[in-house]
Amino acid sequence: MAQMDLEGLRELQDCANYLLDHCPEARESLCQQGKEKWIEQVSEASVRMLDVCNVSKDVMTLVRHSLKELQLTLRCNESNINVKIAAYNRHRNKLKKETLKCLNTLKSIKGGGKGTLVMQRIEQNLLFVAEVLKEVRRAIMTMVESLFSLVCIPWLERKQSKRSMSSMFTMRFCCLDDVWDEVAVQSASTRLEAAQIAVEELEIELGCIFRRLIQTRVSLLNIITAKMSPV
C-alpha cells in the first residue's frame with residue numbers, strides 16, 4: 001500500500017476551510033468583481049471531488065464485504081469452497097471495473113490547477129484552495145489505486161501435488177481435484193484479515209476527506225451567493 005501523508009492533507013484542508021470561512025480579507029477579496037469564473041471553476045472541482053468520494057466509498061464497502069465473505073468461507077472450510085471462490089472471482093472482476101472507473105474519473109478532474117487559474121492576477125487565496133483540491137485528488141487516487149491492488153490479489157491457489165499423468169487425467173475428468181493446501185488456506189485467511197483492516201482504514205480516511213470537502217463546497221457556495229446578492 002502506498003504511503004500517504006494524510007495528516008498533512010487534513011491540515012491543508014483545515015487551513016483552506018479556515019481561510020474561506022474565517023478570514024474577512026480573503027472573503028472580501030474573493031467577492032470582488034472579475035473573479036466569478038475562477039470561483040466557479042474551483043467550486044465545480046469540489047463538486048466532482050465529492051461525487052468521486054461517494055463512489056469510492058461505495059466501492060470500498062463492496063470490497064470490504066467481499067473480502068470478509070471470502071475469509072469466512074476459508075475459515076469454515078466449507079465443502080463448496082470451489083464454488084464460493086469462483087463466485088468471488090467473478091465478483092472481483094466487477095469490483096475491478098468499478099475501481100478503474102473511479103480512477104478514470106479522478107484522472108479527468110483538472111481541479112482548476114492549470115489554465116485561467118494560473119494567470120498573473122489570480123487571487124492567491126483562491127489559488128491555495130485550488131492547490132489543496134489537487135492534493136485531495138492525488139490522495140484519493142492513491143487510495144483507489146491501493147484498493148485496486150487489493151482487488152487484483154489472487155488470494156488462494158490450488159494445491160500443486162505430484163501425481164502421475166494418468167492420475168491427473170482421471171482426477172481432472174472426474175472433477176475430484178478440489179484440493180486446497182491447508183497452509184495456503186490459513187495464509188490466505190490471515191492476509192484477508194489484514195486486507196480488511198487496510199480497507200477499513202482507507203474508508204475512515206476517505207470519510208475525513210469527504211467531510212472537509214463538504215465544508216469547502218459550502219464555503220464556496222456562500223461566497224458565490226454573496227457575490228450574487230444585491231449590496
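Note that the numbering runs from 1 along the sequence shown for the chain.
- The backbone N or O of Ser219 lies less than 3.5 Å from no partner atom in the side chain of Asp21, so there is not a single donor-acceptor pair.
- Between Glu203 and Arg64 there is a salt bridge, since at least one side-chain N of the basic residue sits less than 4.0 Å from a carboxylate O of the acidic one.
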Do Glu145 and Ser149 pass the side-chain contact (heavy atoms from CB on, under 4.5 Å) test, and can you show the C-alpha distance, the side-chain angles, and the key distance before you say yes or no?
CA-CA 6 Å; Glu145 286 169 350; Ser149 67; over 6 Å; no

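- Of the possible donor and acceptor atoms, one in the side chain of Ser46 sits under 3.5 Å from a partner among the backbone N and O of Ser43.
- Looking at Glu201 and Ile197, their side chains come closer than 4.5 Å, going by heavy atoms from C-beta outward.
- When all heavy atoms of Val144 and Thr99 are compared, the pair lying nearest together is CG1-O, 3.6 Å.
- Cluster membership for Val218 and Val47, using ILVMFWY side-chain heavy atoms within less than 4.5 angstrom, is not shared.
- The environment of Glu200 atom CD is dense: over 12 non-hydrogen atoms of other residues, nucleotides or ligands sit within 6.0 angstrom.
- Separation of atoms CD (Glu205) and CD (Glu7) is listed at 9.5 Å; rounding is to 0.5 Å.
- With values rounded to the nearest 0.5 angstrom, Gln13 atom CD is found 10.5 Å from Glu135 atom CD.
- Judged by distance alone, with hydrogens and angles left aside, the side-chain atoms of Gln71 form no donor-acceptor pair with the main-chain N or O of Leu192 at under 3.5 Å.
- Minimum interatomic distance between Asn17 and Arg212 (heavy atoms only, all atoms of both residues): ND2-O, 3.2 Å.
- Cluster annotation: Leu9 is connected to Ile214 through the hydrophobic network of ILVMFWY side chains, with a link wherever side-chain heavy atoms come within less than 4.5 Å.
- Clustering ILVMFWY residues whenever any of their side-chain heavy atoms sit less than 4.5 angstrom apart, transitively, puts Leu100 in the very cluster that holds Met141.
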For Phe128 and Leu12, run side-chain contact (heavy atoms from CB on, under 4.5 Å): C-alpha distance rounded to whole Å, both residues' side-chain angles, the deciding distance at 0.1 Å, then the answer.
CA-CA 9 Å; Phe128 172 69; Leu12 277 177; 4.1 Å; yes

